[in-house]
**Student:** 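Right, I'll just put the structure down here and ask away after.
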Amino acid sequence: MSQKKIARWLKVMLVVMGLLAFGILSALSLIFLVSEVEEIHAIQVPWLAFIWTTAVPLIPALLYSWFTVSDVGKGKAFCFDNARRLHGISLCAAADAAWVFIGNAIMLFGRPGMSHPIVFILSMVVVCIGISIAICAEGLSQLIKNAAALQEQSDLTI
């Protein structure tokens, strides 16, 4: 498979992942907005704010990913820009994982009735996925940085 074809498929997957994240956030928001349960109305605004602020780090991560995939399609997979972008993706994933953990902890322990322990436990799955993505992206960043340095050396050698 050529690099252009791989880049095209990766871009399709990025669009699908972005739409899926938006769909999940929208569905969660809709649950809070249409619920007739009185207890839900008391926690509606804080949870909606929390849910949508978890998407903030995803936007730059998707943009970094798009530009990185574009470089892969151009045959510039091993460059310092991609290493920098992967480091940015790592920071975004770590920030999102930290925010999900802190927000859920505040919701659970901040005010009684704001959350449920099972919600907190299930959110730890999201936190683990975010930490895993952060570690993988940082590892790839270092590998690409090393590969870019080697490629730069070989380009200077006649």
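Just so you know, these numbers use all the heavy atoms, side chains as well, and skip hydrogens, waters and symmetry mates.
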**Student:** What are the two closest non-hydrogen atoms of L58 and A21, and how far apart are they?
**Tutor:**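 For L58 and A21, the tightest heavy-atom pair comes out as CD1-CB, 4.4 Å.
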**Student:** Starting at CE of M13, measure out to CG of L20 and round the result to the nearest 0.5 Å.
**Tutor:**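 Answer rounded to 0.5 Å: 9.0 Å.
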**Student:** Report the residues that fulfil side-chain contact (heavy atoms from CB on, under 4.5 Å) with A93, sequence neighbours left out, ordered by chain and then residue number.
**Tutor:**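 For A93, the residues satisfying side-chain contact (heavy atoms from CB on, under 4.5 Å) (neighbours in sequence not counted) are I133, A134.
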**Student:** Atom OG in S26, atom CG in L19: separation rounded to 0.5 Å?
**Tutor:**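 Here the rounded value is 10.0 Å.
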**Student:** What heavy-atom pair brings K4 and G73 nearest, and what distance separates the two atoms?
**Tutor:**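 Taking every non-hydrogen atom into account, CG-O, 3.4 Å.
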**Student:** Side chains of Q142 and K145, heavy atoms from C-beta outward: is any pair under 4.5 Å?
**Tutor:**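 Counting from C-beta outward, Q142 and K145 do come under 4.5 Å.
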**Student:** Working to the nearest 0.5 Å, report the span between CG of L30 and CG of L48.
**Tutor:**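 It is 10.0 Å, given to the nearest 0.5 Å.
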**Student:** Keeping the roles fixed (side chain from S35, backbone from F32), state whether a donor-acceptor pair exists under 3.5 Å.
**Tutor:**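 No; zero donor-acceptor contacts below 3.5 Å.
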**Student:** Treat each ILVMFWY residue as a node, draw an edge where side-chain heavy atoms are under 4.5 Å apart, and state whether F22 and I51 are in one component.
**Tutor:**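 Yes; tracing contacts between hydrophobic side chains, which count when under 4.5 Å, links both residues.
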**Student:** Grab the two heavy atoms, one from L33 and one from Q44, that are nearest each other, plus how far apart they are.
**Tutor:**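 L33 and Q44 have their closest heavy atoms at CD2-NE2, 3.1 Å.
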**Student:** Can L25 and T54 be said to form a side-chain contact (heavy atoms from CB on, under 4.5 Å), step by step?
**Tutor:** CA-CA 9 Å; L25 293 175; T54 60; 4.0 Å; yes
**Student:** Between CE of M124 and CG of N104, what distance do you get to the nearest 0.5 Å?
**Tutor:**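 M124 CE to N104 CG: 5.5 Å, rounded to 0.5 Å.
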**Student:** Do V69 and I6 sit in one hydrophobic cluster, given that two such residues count as connected whenever their side-chain heavy atoms are within less than 4.5 Å of each other, even indirectly?
**Tutor:**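 In one cluster with V69: I6, yes.
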**Student:** Please table the atom pairs, donor to acceptor, closer than 3.5 Å between any side-chain atom in residues 78-85 and protein atoms at least two apart or in another chain.
**Tutor:**
residue: N82; atom: OD1; partner: R85; partner atom: NH1; Å: 2.7
residue: N82; atom: ND2; partner: K76; partner atom: O; Å: 3.1
residue: N82; atom: ND2; partner: A77; partner atom: O; Å: 3.0
residue: R85; atom: NH1; partner: D71; partner atom: OD2; Å: 2.7

**Student:** Could you give the distance from CG (L86) to OG (S65), rounded to the nearest 0.5 Å?
**Tutor:**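 With rounding to 0.5 Å, CG (L86) is 7.5 Å from OG (S65).
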**Student:** Could you tell me the separation between the CZ atom of F120 and the OG atom of S115, rounded to the nearest 0.5 Å?
**Tutor:**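 So the gap between those two atoms works out to 9.0 Å.
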**Student:** Answer yes if V100 and I135 sit in the same cluster of Ile, Leu, Val, Met, Phe, Trp and Tyr residues linked by side chain heavy atoms under 4.5 Å apart, and no otherwise.
**Tutor:**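 Yes, because V100 and I135 connect within a single hydrophobic cluster, where side-chain heavy atoms sit under 4.5 Å apart.
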**Student:** Does I89 share a hydrophobic cluster with V15, counting links as ILVMFWY side-chain heavy atoms below 4.5 Å and allowing steps through other members?
**Tutor:**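 No, separate clusters.
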**Student:** Once ring-ring contact (aromatic ring centres under 6.0 Å, His included) is applied, do any residues pair with F50, and if so which ones, sequence neighbours excluded?
**Tutor:**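 Partners of F50 by the ring-ring contact (aromatic ring centres under 6.0 Å, His included) criterion, ordered by chain and then number, come out as W47, W99.
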**Student:** Is there a path of hydrophobic side-chain contacts, each under 4.5 Å between heavy atoms, that joins Y64 and I144?
**Tutor:**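 As far as the 4.5 Å side-chain criterion goes, I144 and Y64 are connected within one cluster.
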**Student:** Look at atom CH2 of W9 and say whether more than 12 heavy atoms of other residues, nucleotides or ligands are closer to it than 6.0 Å.
**Tutor:**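 Open.
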**Student:** Looking at side-chain heavy atoms only, is the closest gap between I40 and I31 below 4.5 Å?
**Tutor:**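 Contact flag for I40/I31 side chains = no.
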**Student:** Shortest non-hydrogen contact from G18 to L62?
**Tutor:**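 Closest approach of G18 to L62, heavy atoms only: CA-CD1, 3.9 Å.
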